[in-house]
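Heads up, the thing below is written out as structure tokens.
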Amino acid sequence: MPLVRYRKVVILGYRCVGKTSLAHQFVEGEFSEGYDPTVENTYSKIVTLGKDEFHLHLVDTAGQDEYSILPYSFIIGVHGYVLVYSVTSLHSFQVIESLYQKLHEGHGKTREVQAVEGKKLAESWGATFMESSARENQLTQGIFTKVIQEIARVENSYGQERRCHLM
Ligand SMILES: Nc1nc2c(ncn2[C@@H]2O[C@H](COP(=O)(O)OP(=O)(O)OP(=O)(O)O)[C@@H](O)[C@H]2O)c(=O)[nH]1
């Protein structure tokens, strides 16, 4: 049975740019010409990508502007964002740039080690590289499955020199 992974995605953008319409079209397969300002709404959908299943929790937000303060619920435990602007509003385009900056500030700690550096180090050892977040339960299963697979691979490799694999 495939593992169903939870993903929380928040839709941000200026007022009346089509955030609700986008979510509604994706989840319900419908479009409405009507406009009803959103306070906050959530949608759930199971998304299958190849062999993987994801429980997508979509958060449709009330429109923001450059002065909006993003609540923690839009930052903590969020796996991804969709930043929406309207092609008929230059201002809405400028707002997503400011939202992008706020999201970066909101995440506090900045990255000091790039994934590519970890990958390079692992490669220099002939080891496998995986970057994970325990908080987001990202790849945590995968890491330990991979270790077991690697141990089995080394044990089963007939006639090859036995060596310890570092990950
Ligand atoms: N022509 C056109 N109209 C759209 C499109 N997407 C949304 N609309 C219309 O734009 C208006 C606003 O759409 P919403 O999806 O409610 O916009 P929103 O960003 O969720 O609005 P807020 O809740 O105020 O933030 C509605 O009248 C929609 O019918 C689109 O792709 N093309």
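Ligands are counted one by one from 1 in listed order, and the atoms in each one are counted from 1 as well.
- Protein heavy atom in closest approach to atom 9 (C) of ligand 1: F31 CZ, 4.3 Å.
- Within the listing of ligand 1, atoms 6 (N), 7 (C), 13 (O), 14 (P), 15 (O), 28 (C) sit less than 4.0 angstrom from a heavy atom of S21.
- The two residues V27 and L58 have their closest heavy-atom pair at CG2-CD1, 4.2 Å.
- Evaluation of the ring pair (Phe, Tyr, Trp, His ring centres under 6.0 Å) test over residues 7-36, restricted to residues two or more places apart or in two chains, returns Y14-H91.
- For atom 31 (O) of ligand 1, no protein non-hydrogen atom is found at a distance below 4.0 Å.
- Atoms CD and CG, on Q64 and L83 in that order, are 9.0 Å from each other to the nearest 0.5 Å.
- The protein atom (non-hydrogen) at minimum distance from atom 11 (C) of ligand 1 is C16 SG, 3.9 Å.
- To the nearest 0.5 Å, atoms CD (Q101) and NE2 (H104) are separated by 7.5 Å.
- One distance of note links CG of L99 with CG of L103; it measures 6.5 Å at 0.5 Å rounding.
- Considering only heavy atoms from C-beta on, K146 comes within 4.5 Å of M130 through its side chain.
- Inclusion of D60 in the set of residues having an N or O under 3.5 Å from an N or O of ligand 1 is not warranted.
- The closest heavy-atom contact to atom 27 (O) of ligand 1, among the options H24, K19, E33, comes from E33.
- No side-chain N or O of S86 forms a donor-acceptor pair with one of S89 less than 3.5 Å apart.
- Close contacts between ligand 1 and V17 involve ligand atoms 17 (O), 18 (P), 19 (O) [criterion: under 4.0 Å to a heavy atom].
- D60 contributes atom CG, which lies 9.5 Å from atom OG1 of T42 (distance to the nearest 0.5 angstrom).
- For Y85, the ring pair (Phe, Tyr, Trp, His ring centres under 6.0 Å) test picks out F93, with sequence neighbours left out.
- Atom 1 (N) of ligand 1 lies below 4.0 Å from none of the non-hydrogen atoms of the protein.
- Short contacts between ligand 1 and G63, defined as distances under 4.0 Å to a heavy atom of the residue, involve ligand atoms 25 (O).
- Closest protein heavy atom to atom 26 (C) of ligand 1: G34 O, 3.4 Å.
- Using a non-hydrogen distance threshold of 4.0 Å, G13 does not register as a contact of ligand 1.
- At the shortest separation from atom 16 (O) of ligand 1 among protein heavy atoms lies Y35 CD1, 3.3 Å.
- Near G18, with a cut-off below 4.0 Å to any heavy atom, the atoms of ligand 1 are 6 (N), 7 (C), 13 (O), 14 (P), 15 (O), 17 (O), 18 (P), 19 (O).
- Of all the atoms in ligand 1, the ones that sit under 4.0 Å from a non-hydrogen atom of S32 are 28 (C), 29 (O).
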